[in-house]
S.K.: 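Handing you this structure, nothing more for now.
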Amino acid sequence: GIEGTGIDLQLSSRAGNVTVKNCVFFQPQVSATTLLKSHGAYFNNTFWNNTFVVLQTSFPVLSVLTNNNTNISNNAFRIYGSDYTIKVVNSYDVFIEGNRINVTYDGNAYGINFDGGNGTIRDNYVNASGSAGGLGISISSMVFSNLVERNEVVGNQTGVIGFQLLDSR
């Protein structure tokens with residue numbers, strides 16, 4: 001398979017104010033690839049109105065790590081074979097709104113995994129279907145001051161959980 005990242009925002013300058021919008025990301029084959037990655041003390045980034053089509057990967061499709069004031073909105077995800085669609089870790093003031101996520105995986109299928117604080121997750125549509133179960137929206141670890149409202153979660157397999165709240169403190 002292919003390894004790499006479609007867009008990789010890991011600059012050592014810790015720059016921010018990056019907007020990725022109106023792009024189409026297509027992953028046609030089995031790979032170890034994250035299509036959009038923003039890792040490392042960034043701020044004020046926006047991922048808006050993009051389309052992601054993935055046929056097979058074992059990596060998150062959109063991955064955010066240690067970012068503040070990040071906006072992930074109005075994106076469309078059609079994922080066949082990825083464990084995580086949107087994965088946000090150790091980040092604050094993240095706004096996830098109006099995304100349409102369809103994920104199918106031979107294992108556990110995850111729509112939105114949020115591990116952060118002061119986040120807003122609203123008006124998203126998540127259809128998660130995994131042969132071993134799945135999870136529509138998961139909030140874990142740093143659970144405080146998060147707002148989750150008006151999301152629609154559909155699970156097409158036995159064992160799919162619509163919403164999960166974990167606190168590992």
Side-chain angles (χ1 to χ4, degrees), residues 3-21 23 25 27 31-50 52 54 57-77 79 81-101 103 105 107-126 128 130 133-151 153 161-169:
E3 294 188 19
T5 301
I7 294 179
D8 191 349
L9 303 176
Q10 294 192 86
L11 303 173
S12 60
S13 65
R14 298 180 185 223
N17 301 310
V18 174
T19 298
V20 178
K21 68 178 183 176
C23 294
F25 297 86
Q27 178 62 50
S31 71
T33 300
T34 297
L35 293 181
L36 183 52
K37 181 188 294 184
S38 181
H39 290 186
Y42 294 105
F43 54 90
N44 299 330
N45 291 331
T46 300
F47 309 117
W48 184 78
N49 200 42
N50 299 291
F52 299 84
V54 176
T57 185
S58 57
F59 282 64
V61 175
L62 192 156
S63 178
V64 174
L65 172 66
T66 318
N67 282 221
N68 296 327
N69 302 317
T70 300
N71 185 332
I72 303 168
S73 297
N74 299 313
N75 298 289
F77 298 86
I79 313 302
S82 177
D83 52 357
Y84 291 102
T85 303
I86 298 174
K87 185 172 184 176
V88 178
V89 177
N90 197 26
S91 299
Y92 301 90
D93 301 313
V94 177
F95 191 72
I96 302 171
E97 180 180 38
N99 297 289
R100 186 161 184 83
I101 299 169
V103 58
Y105 187 58
N108 287 313
Y110 298 99
I112 298 171
N113 178 267
F114 183 77
D115 180 356
N118 201 32
T120 300
I121 302 171
R122 77 170 148 222
D123 297 325
N124 297 287
Y125 172 83
V126 180
L135 194 52
I137 297 173
S138 174
I139 299 179
S140 58
S141 292
M142 298 183 289
V143 179
F144 61 91
S145 301
N146 292 310
L147 173 65
V148 180
E149 65 181 359
R150 297 188 312 259
N151 295 285
V153 179
I161 299 169
F163 180 78
Q164 179 174 330
L165 182 64
L166 299 173
D167 186 357
S168 62
R169 289 179 286 168

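No hydrogens, no waters, no symmetry mates; every other heavy atom, side chains included, goes into these values.
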S.K.: Going by the rule side-chain contact (heavy atoms from CB on, under 4.5 Å), which residues pair with Asn49 if we only count those two or more places apart in sequence or in a different chain?
M.R.: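 Listed in chain order: Asn22.
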S.K.: The criterion is side-chain hydrogen bond (donor to acceptor under 3.5 Å, both in side chains); which residues satisfy it with Asn50, sequence neighbours excluded?
M.R.: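 side-chain hydrogen bond (donor to acceptor under 3.5 Å, both in side chains) list for Asn50, sorted by chain: Asn75.
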S.K.: Between Asn146 and Gly119, is there a donor-acceptor pair closer than 3.5 Å when you use the side chain of the first and the backbone of the second?
M.R.: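 Yes, the answer is positive, given that a donor and an acceptor are paired below the 3.5 Å cut-off.
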S.K.: With rounding to the nearest 0.5 Å, note down the distance linking OG in Ser73 to NZ in Lys21.
M.R.: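 Rounded to the nearest 0.5 Å, the OG-NZ separation comes out at 13.0 Å.
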S.K.: Of all residues at least two apart in sequence or in a different chain, which pass the side-chain contact (heavy atoms from CB on, under 4.5 Å) check with Val148?
M.R.: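 If we apply the side-chain contact (heavy atoms from CB on, under 4.5 Å) test to Val148, skipping adjacent residues, the hits are Ile121, Ile139, Asn151, Phe163.
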S.K.: Could you check whether any side-chain heavy atom of Val153 comes within less than 4.5 Å of a side-chain heavy atom of Tyr125, counting everything from C-beta outward?
M.R.: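 In short, these two side chains do not touch, never coming nearer than 4.5 Å.
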S.K.: Nearest 0.5 Å, please: how far is CG in Asn124 from CD1 in Ile72?
M.R.: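 If I round to the nearest 0.5 Å, the distance is 9.5 Å.
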S.K.: Kindly compute the distance separating OG (Ser145) from CG (Asn118), expressed to the nearest 0.5 Å.
M.R.: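 If we round to the nearest 0.5 Å, Ser145:OG and Asn118:CG are 5.5 Å apart.
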S.K.: With sequence neighbours left out, what residues match Thr120 under side-chain hydrogen bond (donor to acceptor under 3.5 Å, both in side chains)?
M.R.: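 For Thr120, no residue satisfies side-chain hydrogen bond (donor to acceptor under 3.5 Å, both in side chains) once neighbours in sequence are set aside.
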S.K.: Please identify each residue that fulfils salt bridge (charged side-chain N to carboxylate O under 4.0 Å, His left out) with Arg100, with sequence neighbours left out.
M.R.: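 Expected list: none.
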S.K.: Flag the pair Phe25 / Val54 as yes when at least one side-chain heavy-atom distance between them is below 4.5 Å, and no otherwise.
M.R.: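 A side-chain contact is absent here, since even the closest heavy-atom pair is not under 4.5 Å.
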S.K.: Would you mind reporting whether Leu62 and Leu35 have side-chain heavy atoms less than 4.5 Å apart?
M.R.: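 They are not in side-chain contact.
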S.K.: Could you list the residues that satisfy side-chain contact (heavy atoms from CB on, under 4.5 Å) with Asn69, not counting sequence neighbours?
M.R.: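 side-chain contact (heavy atoms from CB on, under 4.5 Å) check on Asn69 returns Asn44, Asp93.
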S.K.: Say you draw a straight line from OG1 of Thr46 to CG of Asn74; how long is it, rounded to the nearest 0.5 Å?
M.R.: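 Between Thr46 OG1 and Asn74 CG, I get 11.5 Å after rounding to 0.5 Å.
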S.K.: Can you name the closest pair of heavy atoms from Ala109 and Ala128 and give their distance?
M.R.: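 What the structure gives for the nearest pair is O-CB, 3.9 Å.
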S.K.: In chain order, what residues pass the side-chain contact (heavy atoms from CB on, under 4.5 Å) check against Ser63, with sequence neighbours excluded?
M.R.: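 Partners of Ser63 under the side-chain contact (heavy atoms from CB on, under 4.5 Å) test: Thr34, His39, Pro60.
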S.K.: List in chain and number order the residues that pass ring-ring contact (aromatic ring centres under 6.0 Å, His included) with Tyr84, two or more places apart in sequence or in another chain; answer none if no residue qualifies.
M.R.: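 Result, ring-ring contact (aromatic ring centres under 6.0 Å, His included) vs Tyr84: Tyr110.
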S.K.: Should Phe47 and Val64 be marked as a side-chain contact (heavy atoms from CB on, under 4.5 Å) after you check the CA-CA gap, both sets of side-chain angles, and the distance that decides it?
M.R.: CA-CA 11 Å; Phe47 309 117; Val64 174; 4.2 Å; yes
S.K.: Between atom CZ of Arg122 and atom CD1 of Ile96, what is the distance when rounded to the nearest 0.5 Å?
M.R.: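 Going from CZ on Arg122 over to CD1 on Ile96, the span is 12.0 Å.
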S.K.: Rounded to the nearest 0.5 Å, how far apart are OG of Ser140 and CG of Leu135?
M.R.: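 Taking OG in Ser140 and CG in Leu135, the distance rounds to 9.5 Å.
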S.K.: Could you check Ile101, Asn99, Val103 and say which one makes a side chain to side chain contact (heavy atoms under 4.5 Å, CB included) with Ile112?
M.R.: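 The side chain to side chain contact (heavy atoms under 4.5 Å, CB included) with Ile112 is passed solely by Ile101 among Ile101, Asn99, Val103.
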S.K.: Given Val61 and Phe77, is the side-chain contact (heavy atoms from CB on, under 4.5 Å) satisfied, shown in steps?
M.R.: CA-CA 9 Å; Val61 175; Phe77 298 86; 4.1 Å; yes
S.K.: Taking atom types as modelled, is there a side-chain donor on Asn67 or Ser91 under 3.5 Å from an acceptor on the other?
M.R.: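 No, because no side-chain N or O of Asn67 sits under 3.5 Å from a partner of the opposite role on Ser91.
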